[in-house]
Amino acid sequence: MKGVIFDCLSLLVKENFGEDKWIEILLSAGFTKFTIFPPYSDIPDEYFGKIFSSVQKNLNKSENEVADLFAEYWVNVYAPQAYPEFYKEKNNTKEFLLMMDSVHRKVTEAIPYSRPPHFEYRIIDEKTLYMYYYSSRNLMFLFEALVKATAKHFNETISIEKPQENCLLIKFLK
Ligand code: HEM
């Protein structure tokens, strides 16, 4: 998985919980305190699980709580700085989500054998969207947190249901 995800987690932890906390997280995940995850490199997928569980353990938070922290930092702070081009024209949650399949393809195309998450859409009407998530990493909980964070970013109210394991039914309420 691309290093930006790890870089974002580390910045979020350092900013909100201090540099020492990040070192504790690295150490308890089996890394050294000098480990860095260069944003544009490709990091083995299993490192994500190790770091993510270590963040949970060391911050004493559940998987969904860490996912929400990550998602809000990613959508509101990290991605707008790292990828400002995707924030220029899209003015609402639905437009932003509908762009996500091509965004993930674009931002990983420089990585040989990349396997970005893939999204498919079924638009029912103006206010109803089914969004399907496909990834060998199976991070549905993160996908859901990122959808919620996107709505928060655009100051919109949505409702989310999970009609099947890899699908969210999203209703845009206001
Ligand atoms: C401009 C905004 C965004 C950018 C630039 C972006 C970019 C990325 C990148 C580079 C990765 C690592 C992928 C890899 O290495 O294969 C990633 C992972 C991921 N992204 Fe995004 N992302 C954005 C917003 C979103 C949103 C809004 C969602 C959900 C609707 C989302 C869902 C995910 C998920 C679930 C992963 C984890 C990897 C996986 O499931 O395989 N992203 N994103």
Side-chain angles (χ1 to χ4, degrees), residues 1-12 36-56 63-123 127-172:
M1 187 181 320
K2 215 172 160 180
V4 282
I5 300 295
F6 297 79
D7 191 43
C8 173
L9 252 183
S10 82
L11 291 177
L12 141 70
I36 51 161
F37 300 102
Y40 295 104
S41 59
D42 195 25
I43 312 287
D45 280 354
E46 65 268 26
Y47 289 9
F48 179 75
K50 286 186 183 173
I51 286 283
F52 200 89
S53 333
S54 181
V55 172
Q56 269 173 247
E63 183 175 74
N64 285 333
E65 285 170 335
V66 176
D68 284 339
L69 279 180
F70 170 84
E72 282 175 27
Y73 197 85
W74 177 261
V75 171
N76 289 308
V77 183
Y78 194 94
Q81 282 171 29
Y83 304 97
E85 65 274 27
F86 301 125
Y87 283 80
K88 284 202 181 109
E89 287 152 24
K90 304 298 171 201
N91 297 317
N92 62 56
T93 309
K94 192 169 149 204
E95 284 180 7
F96 197 77
L97 292 177
L98 287 173
M99 161 178 84
M100 283 302 122
D101 186 53
S102 69
V103 164
H104 286 79
R105 227 173 311 120
K106 278 187 203 137
V107 295
T108 53
E109 64 194 359
I111 297 176
Y113 307 110
S114 62
R115 290 174 295 107
H118 160 62
F119 305 105
E120 287 179 11
Y121 305 95
R122 189 149 65 95
I123 300 171
K127 296 197 171 297
T128 317
L129 171 72
Y130 285 90
M131 187 166 172
Y132 296 82
Y133 164 74
Y134 299 93
S135 165
S136 56
R137 303 184 185 106
N138 253 322
L139 300 171
M140 187 66 188
F141 72 97
L142 197 59
F143 167 56
E144 189 167 345
L146 283 154
V147 170
K148 281 195 289 169
T150 302
K152 219 164 165 181
H153 175 79
F154 289 103
N155 222 349
E156 288 178 36
T157 307
I158 59 169
S159 72
I160 296 182
E161 286 166 48
K162 195 164 31 152
Q164 66 192 62
E165 219 24 72
N166 71 329
C167 171
L168 293 181
L169 163 58
I170 305 162
K171 292 192 179 139
F172 303 94

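Atoms within each ligand, like the ligands themselves, are counted from 1 in listed order.
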Could you list the residues that satisfy side-chain contact (heavy atoms from CB on, under 4.5 Å) with Ala151, not counting sequence neighbours? Thr93, Ile158
Should the pair Phe52 and Phe48 be assigned to parallel (<30°), tilted (30 to 60°) or perpendicular (>60°) ring geometry? tilted
Suppose the criterion is ring pair (Phe, Tyr, Trp, His ring centres under 6.0 Å): which pairs have a residue in residues 151-170, not counting sequence neighbours? Tyr87-His153, Phe96-Phe154
Short side-chain to backbone donor-acceptor contact, Tyr121 and Leu97, under 3.5 Å: yes
Could you pull out the closest heavy-atom pair between Pro39 and Asp7, with the gap in Å? CG-OD2, 3.7 Å
Give me the pairs of N or O atoms, one from ligand 1 and one from the protein, that sit under 3.5 Å apart.
unit_1: ligand 1; atom_1: 15 (O); unit_2: Lys2; atom_2: N; d: 2.7
unit_1: ligand 1; atom_1: 16 (O); unit_2: Arg137; atom_2: NH1; d: 3.1
unit_1: ligand 1; atom_1: 16 (O); unit_2: Arg137; atom_2: NH2; d: 3.0
unit_1: ligand 1; atom_1: 20 (N); unit_2: His104; atom_2: NE2; d: 2.8
unit_1: ligand 1; atom_1: 22 (N); unit_2: Trp74; atom_2: NE1; d: 3.3
unit_1: ligand 1; atom_1: 22 (N); unit_2: His104; atom_2: NE2; d: 2.9
unit_1: ligand 1; atom_1: 40 (O); unit_2: Tyr133; atom_2: OH; d: 2.4
unit_1: ligand 1; atom_1: 40 (O); unit_2: Ser135; atom_2: OG; d: 3.4
unit_1: ligand 1; atom_1: 41 (O); unit_2: Ser135; atom_2: OG; d: 2.6
unit_1: ligand 1; atom_1: 41 (O); unit_2: Arg137; atom_2: NH1; d: 2.6
unit_1: ligand 1; atom_1: 42 (N); unit_2: His104; atom_2: NE2; d: 2.9
unit_1: ligand 1; atom_1: 43 (N); unit_2: His104; atom_2: NE2; d: 2.9

Quick one: side-chain hydrogen bond (donor to acceptor under 3.5 Å, both in side chains) pairs with a partner in residues 102-112, sequence neighbours left out? Asp101-Arg105
